[in-house]
Protein chains: 2
Amino acid sequence: MIEHSVHVQCGECPIRHRAVCARCDTDELSRLEQIKYYRSFQAGQTIIWSGDRMEFVGSVVSGIASLTQTMEDGRRQMVGLLLPSDFVGRPGRPTAAFDVTATTDLVMCCFRKKPFEELMSTTPHVAQRLLEMTLDELDAAREWMLLLGRKTAREKIASLISIIARRDAALHHRRASGALSVDLPLTREEMADYLGLTLETVSRQISALKRDGVISLEGNRHVTVPDIDRLLEEAGDDNDGGMLV
Amino acid sequence: MIEHSVHVQCGECPIRHRAVCARCDTDELSRLEQIKYYRSFQAGQTIIWSGDRMEFVGSVVSGIASLTQTMEDGRRQMVGLLLPSDFVGRPGRPTAAFDVTATTDLVMCCFRKKPFEELMSTTPHVAQRLLEMTLDELDAAREWMLLLGRKTAREKIASLISIIARRDAALHHRRASGALSVDLPLTREEMADYLGLTLETVSRQISALKRDGVISLEGNRHVTVPDIDRLLEEAGDDNDGGMLV
DNA sequence: GCCTCGCGTTGATCTGCGTCAAGGAGCCGC
DNA sequence: GCGGCTCCTTGACGCAGATCAACGCGAGGC
């Protein structure tokens, strides 16, 4: 009998799946094990095109994937950022609604969609767990909407850094406190697509935050934040709970 | 035995609930009936404050509610627009994450949260139906993110009109075709909060669309669209399926 | 009648960010 | 070494949309 837990370790996956149910039993888990397989993708590779038939659902094991939407004239907006332990897929839907791209080299733990859906319809916990996760994503999307609609470029950058820091801390089960350092897993252009800006503005604002001592950089991607509260203030968030994981 | 259907008529509600299950039986429905009640709200009234303890979930029966987020300095972003048949509430979560306000006079059909959740955990169909609805909302939120991040003011207005027209057509089970007319249920300021603009820009762009013959106005709120495809083109949507409900 | 209030429109001006352009740093292949 | 990448930075300039301000219109109170 597996320990009662929100997350469950699944086979040789390095992460604990959020996809599996909250109150699992060995039977459920073994059924999941039977239908799962791994897939690897290279950085830049498109995993799914919007409109494609979806044959699987799954979680990100390592690496980063992004959900994007592109207009005919090429304007692009990222609408989802998938870090390890995030779920991909829309159970009950035949096709994908957005493009999914591997931003870095990526490993996913997939479940064939049909059997997964069958599992879902017979074990209520799986459906409830998925609902919980989808509600989390919806909340995140709505925070993101505030960022896109009302925040300034500087606030957007500060928000992005704090979002990544928070996710990173949650992933490694540690609490962020005092100073902290993060690797930005995105290029300037990807950050721009995330934030609804241009890459030049992203670059300028990062330089400005650095100049003002809010962050410091080693290389292009590695950020250290001397004072998290200062960063959150710059982000314009009503610092509720702060960096609590 | 109730007819097998995606939507189910619930008691004296004028609408068919999307909240109830796809493959319902009389037993489930009667359990829903036992825990449901109606609440009315006046236009402008706040239904739930962000952070409040949620005591109920439910659907909008008539009228319009909006989900909003406000920053400390007063900048406001609408993050959800709840039309009749839309579901409110986050099963499994103790508190609300956003403000919910009645935009017009409003009637809701509520279910006490605790028994609803119990029903959900015992009848897998309810959880699956809710998952489906939440995924729909997530998709809508992601489309909205493209709008907020990358569209011009003119495209935003055109998008808003077509979104409302589409929702309106879906609600009344008719297909939009050729010309069509819609009532905008929002003030200019609410539209601005929806679109991440100022009310002045909203007003100017509506005037511009009117001047260019894309729409025409009777009064401030009633819009008629002579050519839907033209509007969709202005909205910058890759017109897939167009106004199909 | 008049006044007020909410909502909408329009004009003048300002500014944050986009656009265009040039150049630097690191990396790989040869 | 050199050329050709990709990624990033910085500067100059322009414009879409914000800001500030005035005014129009209809509804309701008295």
Side-chain angles (χ1 to χ4, degrees), chain A residues 42-45 71 73-77 101 103-105 147-161 183-212 215-223 234 236, chain B residues 42-45 71 73-77 101 103-105 147-161 183-212 215-223 234 236:
Chain A
Q42 290 183 349
Q45 199 178 343
M71 296 174 69
D73 60 7
R75 278 178 283 174
R76 190 147 30 107
Q77 177 64 51
T101 314
T103 295
T104 64
D105 287 344
L147 178 149
L148 289 171
R150 295 300 186 191
K151 290 191 179 179
T152 65
R154 186 182 175 99
E155 289 168 336
K156 285 178 177 182
I157 297 288
S159 299
L160 175 58
I161 295 172
D183 266 309
L184 300 176
L186 306 173
T187 66
R188 299 290 185 262
E189 186 173 17
E190 285 159 349
M191 293 185 221
D193 287 341
Y194 186 110
L195 300 171
L197 297 170
T198 59
L199 66 93
E200 293 94 332
T201 300
V202 169
S203 178
R204 271 187 255 270
Q205 294 299 335
I206 288 178
S207 300
L209 287 177
K210 183 175 146 195
R211 181 171 4 91
D212 300 346
I215 59 173
S216 59
L217 290 179
E218 292 112 45
N220 287 327
R221 301 291 193 89
H222 195 82
V223 177
E234 290 283 353
Chain B
Q42 289 184 350
Q45 198 177 345
M71 295 173 68
D73 59 7
R75 279 176 284 174
R76 189 146 32 106
Q77 177 64 52
T101 314
T103 296
T104 64
D105 287 344
L147 178 148
L148 290 171
R150 296 300 187 191
K151 290 192 179 179
T152 65
R154 186 181 175 101
E155 287 169 338
K156 285 179 176 180
I157 298 288
S159 298
L160 175 59
I161 295 171
D183 267 309
L184 299 177
L186 306 173
T187 66
R188 299 290 185 260
E189 186 173 17
E190 285 158 349
M191 293 185 221
D193 287 340
Y194 186 108
L195 301 171
L197 297 170
T198 59
L199 66 91
E200 292 94 332
T201 300
V202 169
S203 179
R204 271 187 254 271
Q205 293 300 334
I206 289 178
S207 301
L209 287 175
K210 182 175 149 198
R211 182 168 5 90
D212 299 346
I215 59 173
S216 59
L217 291 180
E218 292 113 45
N220 287 327
R221 302 292 195 89
H222 196 82
V223 177
E234 290 282 354

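Every chain is numbered from 1, with letters handed out A, B, ... down the list of sequences.
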(request) Give a yes or no answer on whether the side chain of A:E155 reaches the backbone of A:E234 with a donor-acceptor pair at less than 3.5 Å. (result) no
(request) May I ask you to test the A:E189-A:R76 pair for a side-chain heavy-atom distance under 4.5 Å? (result) yes
(request) Using the side chain to side chain contact (heavy atoms under 4.5 Å, CB included) rule, pick out the option among A:L184, A:T201, A:L197 that qualifies with A:M191. (result) A:L184
(message) Expressed as a whole number of angstroms, how long is the span from B:L199:CG to D:dC20:P?
(response) 13 Å
(request) Specify the separation, in whole Å, of atom CZ of B:R75 and atom C1' of D:dA18. (result) 12 Å
(message) In whole Å, I'd like the distance from the CG atom of A:L217 to the P atom of D:dC8.
(response) 11 Å
(request) Determine whether more than 12 heavy atoms belonging to other residues, nucleotides or ligands lie under 6.0 Å from atom CD of A:Q42. (result) no
(request) Examine distances only and state if a side-chain atom of B:D105 and a backbone atom of B:A43 form a donor-acceptor pair shorter than 3.5 Å. (result) yes
(message) Within this structure, what is the CG-CD1 distance for the pair A:L209 and A:I157, rounded to the nearest 0.5 Å?
(response) 7.0 Å
(request) Check the distance between D:dG17's C1' and B:E155's CD and give it to me in whole angstrom. (result) 14 Å
(message) Whole angstroms only, please: what is the CZ-C1' distance between B:R221 and D:dG26?
(response) 13 Å
(message) Looking at B:R75, is its backbone amide N or carbonyl O close enough to the side chain of A:R150 to form a donor-acceptor pair, meaning the two atoms are under 3.5 Å apart?
(response) no
(message) Nearest whole Å is fine: how far is D:dC8 C1' from A:K210 NZ?
(response) 11 Å
(request) Give, for atom CZ of B:R154 and atom CZ of B:R204, the distance between the pair rounded to the nearest 0.5 Å. (result) 14.5 Å
(message) Quick check against the 3.5 Å criterion: does A:S203 have a side-chain atom that pairs as donor or acceptor with the backbone of A:L199?
(response) no
(request) Look only at the side chain of A:E218 and the backbone of A:V223, and say whether a donor-acceptor pair between them is shorter than 3.5 Å. (result) no
(request) Indicate for each nucleotide in nucleotides 11-20 of chain C, in 5' to 3' sequence, whether protein heavy atoms under 4.0 Å reach the base (B), only the sugar-phosphate (S), or nothing (-). (result) BB----SSBB
(message) Without decimals, in angstroms, what is the distance between A:N220 CG and C:dC27 C1'?
(response) 13 Å
(request) Find the bend of the helix from C:dG1-D:dC30 to C:dC30-D:dG1 as the angle between its two terminal axes (five pairs each), to the nearest 10°. (result) 30°
(request) May I ask you to list the residues of residues 183-191 of chain A, by number, that have any heavy atom positioned under 4.0 Å from an atom of DNA chain D? (result) A:T187, A:R188
(request) Send over the distance from B:L148 CG to D:dG17 C1', rounded to a whole Å. (result) 15 Å
(message) Rounded at 0.5 Å granularity, tell me how far OH in B:Y194 sits from CG in B:L148.
(response) 8.5 Å
